[in-house]
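FYI, the numbering just counts along the sequence from 1. This is a predicted model, so every value here is computed, not measured.
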Amino acid sequence: MLYVLYVQGGSELAVQEQLRQRGYTAYCPLQICEERRRGVWQQAERVVFGGYIFLEADGITPADWHRIASCSGFLRLLSRCPLSPTEDEYIRLLCSQGRIGVSRGYVRDGVLHITEGFAKKLEHKIVRYNRRGR
């Protein structure tokens with residue numbers, strides 16, 4: 001079961017590492033995106049869900065709570081309930097890739113077709129895309 005932790009923005013990876021050192025499995029999905037800087041396209045690594053970390057646990061006991069709360073950058077547990085099975089599956093899919101790379105595709109007759117990359121598996125779930133921003 002995955003629980004969602006709310007952490008300080010920018011400290012997601014540090015909190016994830018602290019949790020791993022304490023024996024927990026924590027996920028912080030990362031994406032590789034393309035940014036344009038001074039007219040040149042470059043790849044940059046970004047946290048997919050800024051301010052959130054996903055903690056794998058069967059349940060959170062008071063002892064677990066104290067170990068988690070002692071992490072520098074931790075703010076609060078988002079909910080006492082774990083994620084739903086559908087959300088759990090989606091987050092695990094995001095995290096299983098390590099880093100989500102740039103997907104490529106084309107638009108024909110107003111319909112987006114993904115030819116390569118992570119989004120190819122989730123083509124049916126895409127609700128919008130940014131053609132200009134790659």
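Looking at every heavy atom in both residues, Ala26 comes nearest to Leu19 through CB-CD1, 3.9 Å. In terms of heavy-atom proximity, Met1 sits nearest to Gly59 at CE-N, 4.3 Å. Of all non-hydrogen atoms in Leu30 and Val48, the two that sit nearest each other are C-CG2, 3.8 Å. For the pair Gln18 and Ser72, the tightest heavy-atom approach, listed with the atom from each and the gap, is OE1-N, 2.8 Å.
Atom-to-atom distance recorded for Leu5:CG and Leu78:CG is 8.5 Å, nearest 0.5 angstrom. With rounding to the nearest 0.5 angstrom, the SG atom of Cys71 is 12.0 Å from the CD atom of Gln8. Note that CG of Leu13 is 9.0 Å distant from CZ of Arg20, once rounded to the nearest 0.5 Å. Rounded to the nearest 0.5 Å, atoms CD (Gln21) and CD (Gln16) are 11.0 Å apart. Here Ile53 contributes atom CD1 and Ile68 contributes atom CD1; the two are 10.5 Å apart, rounded to the nearest 0.5 Å. The OG1 atom of Thr25 sits 8.0 Å away from the CG atom of Leu55 when rounded to the nearest 0.5 Å.
A side-chain donor-acceptor contact under 3.5 Å links Glu12 to the backbone of Gly10.
Counting heavy atoms of neighbouring residues, nucleotides and ligands inside a 6.0 Å radius, atom OH of Tyr90 does not exceed 12 of them. Few gaps surround CD on Glu45; more than 12 heavy atoms of other groups in view lie less than 6.0 Å from it.
Cluster partners of Val111 are absent, since no Ile, Leu, Val, Met, Phe, Trp or Tyr has side-chain heavy atoms less than 4.5 Å from it.
For Phe54 and Tyr3, the distance between ring centers is not under 6.0 angstrom.
Residue pairs meeting the side-chain hydrogen bond (donor to acceptor under 3.5 Å, both in side chains) criterion with at least one member in residues 75-85, sequence neighbours excluded, are Ser84-Glu87. Here side-chain hydrogen bond (donor to acceptor under 3.5 Å, both in side chains) pairs that include residues 55-64, with residues two or more places apart or in two chains, are Tyr24-Asp64, Tyr27-Glu56, Glu56-Arg92, Thr61-Asp64, Asp64-Arg67.
Proximity of Gln31 to Arg46: side-chain heavy atoms (C-beta onward) are separated by under 4.5 Å at one or more points.
In this pair, Trp65 and Phe74 present their aromatic rings perpendicular. The plane angle is above 60°, beyond the 30 to 60° band.
Under the 4.5 Å side-chain heavy-atom criterion for grouping Ile, Leu, Val, Met, Phe, Trp and Tyr, Tyr52 is connected to Ile91 within one hydrophobic cluster. A continuous path of hydrophobic side-chain contacts links Leu2 to Tyr6 [ILVMFWY only; heavy atoms under 4.5 Å].
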